[in-house]
Amino acid sequence: RCSAFGARAWPGADYQMQFNSLTFVVFFAVVVTLYYSLSSWTARKTILVVASYLFYAAWNPLFIVLLWISTIADWTIARRIAATEERRRKRLLVTLSLSINLGLLGYFKYGGFLLENFVSLMGGLGMDFVPPAASIVLPIGISFYTFQTLSYTLDVYRGQMQPRYSLLDFSLFVSFFPQLVAGPIVRASQFLPQCVESRRATADSMGWGLTLLVFGLFAKVVLADSVLAPVADAVFGAPDTVGTFEAWLGVFAFSGQIFFDFSGYSTCAIGAAMCLGFALPDNFRSPYAAIGFSDFWRRWHISLSQWLRDYLYVSLGGNRKGEIRTFVNLVVTMFLGGLWHGASWMFVIWGLLHGFYLVAEHGARRLLGGIAAFGSRPARVAFGVLTFIIVSMTWVFFRAADMDAATTLLTTMTVPTGMGSLVFAEQLPVIVFVLLGLVGWHWASRNSSLELMFERLPLWARTLIISTVVVSIIYSGGGAQHAFIYFQF
């Protein structure tokens, strides 16, 4: 998705160092070998920093400069914030950090979008304004590492952590390649303490880390790209040609695709970090078994929703300033959360809808909270199913090319028009099986974790699962090497 003036980035762009590429397999093997061949902890951290810059440079070497700017700026500013007692000076310094980071993010991600809308506004006022031709390339992962570095400066400003004086450690925190371009968004308080003492994976953690890498690749290459993406692409690519059944199938297919794609990346990132002895936070926790929208955002893209909660929602006043202000804060937070995903009114609509869902849920909880049936198991299941359906319908605005396409598809979904051509009739059993399996797995693991569930299985079952997954990845071909969807953010 891109505008005439906007930053160019969308799945399918030529990213050289994806987890689902042979290049990354070779790169990772070399990094792990070098990392464990050195005894000095400083030398091993240096290897990781250099490897991280090489990983990022595989896309566009020039944008390493942006990483350096964010790294040096926040490392320096945080130290100065901690060194001064003057409240006004602290505010000026944290404002400087916000200006640098959000300024870079704003220019590269939203500059074209703002220019395009300014041109439209001028046209609406009868002024024919033609700006110089511009093509801003969106630096991969800029939204993720910008939020990471900001969390550090803000935590130091709030007195929640002390600044780190090792530039090497802080550089590793900002650039750590497993999660650099698509998260999870790691807090400084989570990562920097791990840089103090030497990190080495045990045999068990190395084995589980490699297993997570395989599971993440299976989710991306097989389930997202091979099974579900063709259905979602066909339906969203020609929404005016499908029937009601196909429309619903395409929307549910995209719900599955974006989960397997994004959670697949997060799983790979966590697994790769684990192989190096580092721990990254979970980013998904059975989101399609969420009961309500607050629960959904506690389970979907957890690192982003917690960042928005702690640094935006709470800063706006949270729920401390009355009910109306709470509702406004929820909508503003989700509006900016939608805009974080991309410079498009479609993302804004998607974010605003989730904001209004949260407001409606808060209101319903007040009205119905005293009714016993509201908390019964049948009611919880019903609310869970309703949540999944509404979340899936809202994904239409996230995925559709424009408002006309979204409106057409939603109209087809809600006004029955028959089965359609059933282009995917042959693949239908597999598609339905994967979608039902996804929702069923989320409900089964709602209060557990993949690791715990896998550990409970006998050895033969674990071996069979891993073997099947590996064979599936090999035979799927991974042909087109589709970029991860969240690379554009």
Side-chain angles (χ1 to χ4, degrees), residues 31 34-35 38 40-57 61 63-84 89-90 92-105 139-200 269-270 272-274 276-281 303-304 306-307 310-311:
V31 171
L34 289 174
Y35 180 75
L38 300 172
S40 166
W41 180 221
T42 299
R44 286 194 285 129
K45 287 189 288 187
T46 303
I47 285 291
L48 291 182
V49 171
V50 172
S52 296
Y53 287 141
L54 290 174
F55 177 86
Y56 199 63
F63 288 130
I64 292 178
V65 175
L66 299 180
L67 272 178
W68 290 340
I69 291 173
S70 293
T71 300
I72 297 298
D74 285 302
W75 179 72
T76 303
I77 290 170
R79 292 178 62 186
R80 295 192 175 182
I81 288 174
T84 183
R89 182 170 173 77
K90 286 180 182 286
L92 288 173
L93 287 167
V94 78
T95 300
L96 177 61
S97 173
L98 289 167
S99 300
I100 292 171
N101 286 286
L102 297 182
L104 290 173
L105 181 63
I140 188 172
I142 189 171
S143 297
F144 289 91
Y145 68 72
T146 296
F147 272 26
Q148 285 200 186
T149 58
L150 277 179
S151 75
Y152 171 73
T153 310
L154 291 170
D155 283 349
V156 172
Y157 171 74
R158 292 174 171 183
Q160 295 175 347
M161 70 175 296
Q162 292 299 311
R164 296 287 169 158
Y165 292 94
S166 169
L167 180 58
L168 177 63
D169 288 359
F170 189 70
S171 298
L172 181 57
F173 158 66
V174 176
S175 66
F176 190 49
F177 73 86
Q179 48 75 231
L180 172 61
V181 296
I185 300 171
V186 182
R187 307 282 183 91
S189 58
Q190 296 170 324
F191 190 89
L192 285 174
Q194 299 183 63
C195 296
V196 176
E197 297 182 357
S198 179
R199 311 288 300 185
R200 287 182 179 271
I270 293 168
M274 191 173 290
L276 297 166
F278 288 84
L280 300 181
S303 61
L304 174 64
Q306 290 180 342
W307 199 102
D310 295 343
Y311 298 107

For the [atom1] atom on [X], are there more than 12 heavy atoms of other groups (residues, nucleotides or ligands in this structure) within a distance under 6.0 Å?
{"X": "Arg200", "atom1": "CZ", "answer": "yes"}
{"X": "Arg79", "atom1": "CZ", "answer": "yes"}
{"X": "Gln162", "atom1": "CD", "answer": "no"}

Shortest non-hydrogen separation from [X] to [Y] and the atoms involved:
{"X": "Ile81", "Y": "Lys90", "answer": "O-NZ, 2.6 Å"}
{"X": "Asn101", "Y": "Ser70", "answer": "OD1-OG, 3.4 Å"}
{"X": "Ile64", "Y": "Ala57", "answer": "CD1-CB, 3.4 Å"}
{"X": "Leu104", "Y": "Ile142", "answer": "O-CD1, 4.1 Å"}
{"X": "Ser151", "Y": "Trp307", "answer": "CB-NE1, 3.7 Å"}
{"X": "Ala188", "Y": "Pro193", "answer": "O-CD, 3.5 Å"}

Under a 3.5 Å distance rule, please check whether Ser303 uses its side chain to pair with a backbone N or O of Pro184 as donor and acceptor.
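Not a single qualifying donor-acceptor pair exists.
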Test your reading of the model: is there a side-chain donor-acceptor pair from Gln194 to the backbone of Ala279, 3.5 Å cut-off?
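Yes, the answer is positive, given that a donor and an acceptor are paired below the 3.5 Å cut-off.
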[X] side chain near [Y] side chain, heavy-atom distance below 4.5 Å:
{"X": "Gln190", "Y": "Leu280", "result": "no"}
{"X": "Ile72", "Y": "Leu167", "result": "yes"}
{"X": "Tyr53", "Y": "Phe177", "result": "no"}
{"X": "Phe63", "Y": "Ile140", "result": "no"}
{"X": "Val186", "Y": "Phe176", "result": "no"}
{"X": "Thr153", "Y": "Thr149", "result": "no"}
{"X": "Tyr152", "Y": "Pro163", "result": "yes"}
{"X": "Leu276", "Y": "Arg44", "result": "no"}

Among Val174, Leu66, Val49, Leu172, which residue satisfies the side-chain contact (heavy atoms from CB on, under 4.5 Å) criterion with Thr71?
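Between Thr71 and the candidates, side-chain contact (heavy atoms from CB on, under 4.5 Å) is satisfied uniquely by Val174.
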Straight-line distance of [X] [atom1] to [Y] [atom2], nearest 0.5 Å:
{"X": "Leu168", "Y": "Thr46", "atom1": "CG", "atom2": "OG1", "result": "4.5 Å"}
{"X": "Leu48", "Y": "Leu34", "atom1": "CG", "atom2": "CG", "result": "10.0 Å"}
{"X": "Leu304", "Y": "Ile185", "atom1": "CG", "atom2": "CD1", "result": "4.5 Å"}
{"X": "Ser143", "Y": "Gln148", "atom1": "OG", "atom2": "CD", "result": "12.0 Å"}
{"X": "Leu150", "Y": "Tyr145", "atom1": "CG", "atom2": "OH", "result": "11.5 Å"}

Please assess Gln160 against Leu154 for the test side chain to side chain contact (heavy atoms under 4.5 Å, CB included), listing each intermediate value before the final yes or no.
CA-CA 9 Å; Gln160 295 175 347; Leu154 291 170; over 6 Å; no
Considering only residues two or more places apart or on different chains, which pairs with a residue in residues 171-183 satisfy salt bridge (charged side-chain N to carboxylate O under 4.0 Å, His left out)?
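Counting only pairs at least two positions apart or across chains, no salt bridge (charged side-chain N to carboxylate O under 4.0 Å, His left out) contact touches residues 171-183.
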If a pair satisfies salt bridge (charged side-chain N to carboxylate O under 4.0 Å, His left out) and one of its residues is in residues 157-175, list it, with sequence neighbours excluded.
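Of all non-adjacent pairs touching residues 157-175, those that pass salt bridge (charged side-chain N to carboxylate O under 4.0 Å, His left out) are Lys45-Asp169.
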Once you measure the plane-to-plane angle for Phe191 and Phe278, does it fall in the parallel (<30°), tilted (30-60°) or perpendicular (>60°) bin?
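Plane angle under 30°, so parallel.
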Would Asp74 and Ser97 count as having a side-chain donor-acceptor pair, cut-off 3.5 Å?
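On atom types as modelled, these side chains qualify, holding a pair under 3.5 Å.
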Can you find a side-chain donor-acceptor pair between Asp155 and Tyr311 that sits under 3.5 Å?
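A donor-acceptor contact under 3.5 Å links the two side chains.
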Audit row: Phe144, Val181, side chain to side chain contact (heavy atoms under 4.5 Å, CB included) steps and yes/no:
CA-CA 7 Å; Phe144 289 91; Val181 296; over 6 Å; no
